[in-house]
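Lettering of chains follows the sequences in order, A, B, ..., and the numbering in each one begins at 1.
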Amino acid sequence: MGLLNSKKPITFIIPMPSPLSKSAIHKILTGLNNRQKEAVCHTEGPVLIIAGAGSGKTRTLTRRLAYILSQNLVVGDKRALAITFTNKAAEEMEKRVTILLKDAGISPNQAPFIGTFHSFGAKILHSAADIVGRSRNYSIYDEEDALALIKRIMKELEIGGEKVTPAAIRHEISRLKNEIIEPSVYAAETSTPFEKAAAAIYARYEELLKEHNAFDFDDLIEKPVRIFRSSPAILARFQEEYPYVLVDEYQDTNVSQYQLIKLLAGGHQNICVVGDDAQSIYRWRGADFRNFLNFDRDWKDTKVVKLEQNYRSSKNILKAADGVISKNVLQKKKKLWTQNEGGSPVFVVETANEHEEARFVAGRAAELMSERGLNPKDIAVFYRTNAQARSLEEAFLEANIPYRIVGGVKFYERREIKDVLAYLRLCVNPDDRVSLERIINVPPRGISKERLRRLDYNLSVIPSLEELLDKLKTLAEITPATELIFHLVKAIDYQKYLEKEYLNADDRWENLMELLSLARGFDERLEPPRGLRAFLESVHLMQETDHATSEHRRLLMARNSETDAVSLMTIHCAKGLEFEVVFVAGCEEGLLPHARSLLDAEELEEERRLAYVAITRAKKELYLCFSRQRLLFGSREPAIPSQFIYDVPPEVTEFVAANKYDDEVDEDEEYIEY
DNA sequence: CACCGTCTTATTTTT
DNA sequence: TAAGACGGTG
Ligand SMILES: Nc1ncnc2c1ncn2[C@@H]1O[C@H](COP(=O)(O)OP(=O)(O)OP(=O)(O)O)[C@@H](O)[C@H]1O
């Protein structure tokens, strides 16, 4: 996201210099209340917008960005910076700002950088990777790559055991990077055997990443912070380049992100953050909403703006949300009111098992569409874990209702995609041994990973591969990515490999074709070696299933708006979105407060915030569903309703017993006891 | 070194 | 359930 619009102000070209007409500014400010306007126009100095769900935080931030651009505050080769939480949100903001400016008849001097922390970090590393011992051809390791590297190190160091699993180590390393603790510092303060093991692995891991000319995901933020700290000149350059900084969803920033912002905006102090501590749901990833609540301690003379009017939801939905969130101790209480009508009651739905639940959801969705004329895209179904998607998906298929699963298995994480990408990465970055290990036997070449390691990655025993890689490297310099992929796929006879290896070879081949069409977009804009590089980087930063980088926004936007479908996603994925009707599936103990959170009070509070986020996505109608039984990794387990359901004030709920589907509702059920 | 069967163990959540 | 780890065989 945003990575490419650095070279591509295209999105924002409106052929006309911009005299600042009053009406233009008026246009940018219409549809805002006074508090919101205040936040938009207070462009200089630190601003904190703290507000509950649906109060227009994102809208305000978007307008603020448009306003800053319209004021000609960003001139020369400077740019405004807007950090969003997901690529999807960046896409949305870019779209909105473009429209706002276009309507106001303004053409900004420079396109803003709108993207996630990670894409911004990658951008910094683009010009400063050498400070941390990488070249600009660096690879970005995803979770799987990082894990592969850790496994290798554990074998090498002969570390392992009961608690010392690769996943646990990975998590620990991630935590350390998020908190900007380097290996030596960590090593000095370890006590438990696990920590000692982690310290040794961490040190080696960093060493190897560097050797491989690679960064993992956490590095994309942690390393820039290190660079900023160690090189004032580079920091100054970036401070100057980005004189205005805006951050959305600030409550979910971790230490390294917080530090990055602190450094970046530390000079000019033109920093505006928005957030809601009640919606902080990424603690497990190192986020700490105290960063957010302490904002005005870190920044002198912060202007604090509180928004209290909710424009999204009905009164009943807000009451439900308030009932749930008010039980949290660790929070800043906020007022939230709405002029919207009371609306439908919040439906609490009981079903026999997850299939019945799914059938109920699909059935009701169909009704809403046929009887009330809702579009599929106005409806969303949320769940706590990805595993729950399956039964829902089956029901939607059966009912023949268009749906789409947002998130889930990411496009670029598919095997076939990763295989090809590994080859491509090797072309750009020959030191990338994780990629080499990955493709050494794709297709089978009779050399195991172990053997490759013993050979110290010397490929002379497989001249054919060596030749192929050399050829590809040469080609990469002069031919577009698309052609390179073509050549590769042919050379290794990948289609045949897929057919041999997988039952769904056709689907996988299709995915590859999709990858090709993604690559084509880059080829069209950039000359050979750069097109491939940009393509690789963007594909690794792009985490969503069906969203792409700015290169393909137009293409995908067209596709997305055509697919009018019910959205199925995890609650985490739903953050920041809104729908007319929301179903929350699996509101059960052990699932919505997830079993793993029950032991720890703070974790439980996070689950509650998760429930709050889910509830507050709904505009008009909300269904909280629970089943009596659920299939839990293999076996059928009895389930009881989520404690959060009991926190919804009874006067706004209506109980629906849907366990005997097609039958009439059982009004006499003992709903309060469940 | 590849293949196969068996066993295990994990399932939050994502950039 | 279902993917991965492990161990034994050819
Ligand atoms: N002043 C306003 N007048 C009318 N509608 C508004 C106003 N401000 C915001 N809205 C609408 O309210 C809804 C919520 O806005 P927005 O998504 O910006 O809120 P938010 O605070 O970011 O929400 P959340 O934190 O829950 O994601 C949107 O549909 C937006 O268009």
In whole angstrom, what separates [X]'s [atom1] from [N]'s [atom2]?
X: F217(A); N: dT14(B); atom1: CZ; atom2: C1'; value: 9 Å
X: R596(A); N: dT11(B); atom1: CZ; atom2: P; value: 6 Å
X: Y282(A); N: dT13(B); atom1: OH; atom2: P; value: 11 Å
X: K223(A); N: dT15(B); atom1: NZ; atom2: P; value: 21 Å
X: E537(A); N: dT15(B); atom1: CD; atom2: C1'; value: 14 Å
X: Q257(A); N: dT15(B); atom1: CD; atom2: C1'; value: 8 Å
X: L220(A); N: dT14(B); atom1: CG; atom2: C1'; value: 14 Å
X: L631(A); N: dT11(B); atom1: CG; atom2: C1'; value: 12 Å

What nitrogen or oxygen pairs link the protein and nucleotides 6-10 of chain C at under 3.5 Å?
none

Students often get this wrong, so: under 4.0 angstrom with heavy atoms, is [X] touching a base, only sugar-phosphate, or nothing?
X: F117(A); result: nothing
X: R630(A); result: nothing
X: E606(A); result: nothing
X: E603(A); result: base

Worksheet entry | Quiz item: cation-pi between K575(A) and F85(A), 6.0 Å / 45° |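 Cation-pi check for K575(A) and F85(A): passes.
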Does [N] have OP1 or OP2 under 4.0 Å away from a side-chain N or O of [X]?
X: N87(A); N: dT14(B); result: no
X: R390(A); N: dA2(C); result: yes
X: K575(A); N: dT14(B); result: no
X: N386(A); N: dT13(B); result: yes
X: S119(A); N: dT15(B); result: no
X: N254(A); N: dT15(B); result: no

Given [options], the nucleotide with the shortest approach to the side chain of [X]:
X: K151(A); options: dA5(C), dT13(B), dT14(B); answer: dA5(C)
X: H572(A); options: dA2(B), dT13(B), dC1(B); answer: dT13(B)
X: R415(A); options: dG4(C), dA2(B), dT15(B); answer: dG4(C)
X: H594(A); options: dT15(B), dG4(C), dT11(B); answer: dT11(B)
X: E143(A); options: dA5(C), dC1(B), dT15(B); answer: dT15(B)

Side chains of [Y] and [X]: any donor to acceptor distance under 3.5 Å?
X: Y612(A); Y: N328(A); value: no
X: R533(A); Y: N137(A); value: yes
X: R96(A); Y: T62(A); value: no
X: T385(A); Y: Q388(A); value: yes
X: D419(A); Y: Y494(A); value: yes

Original post:
W284(A) stacking on dT13(B): centroids under 5.5 Å, ring planes under 30°?
Top reply: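 Given the distance and angle limits, yes, they stack.
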So R226(A) and E222(A), salt bridge (Lys or Arg N to Asp or Glu O under 4.0 Å) or not? Walk me through it.
-> CA-CA 6 Å; R226(A) 287 193 186 288; E222(A) 190 242 17; 3.0 Å; yes
Parallel, tilted or perpendicular: which one describes the rings of F396(A) and Y403(A), with boundaries at 30° and 60°?
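It falls in the tilted class, 30° to 60°.
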ask   = Under a 4.0 Å N-O cut-off, is there an ion pair linking E249(A) with K57(A)?
value =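 Salt bridge: no.
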Both P444(A) and L610(A) contact DNA chain B. Taking the nearest nucleotide for each, which residue is further toward the 5' end?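 Here P444(A) is the residue nearer the 5' end.
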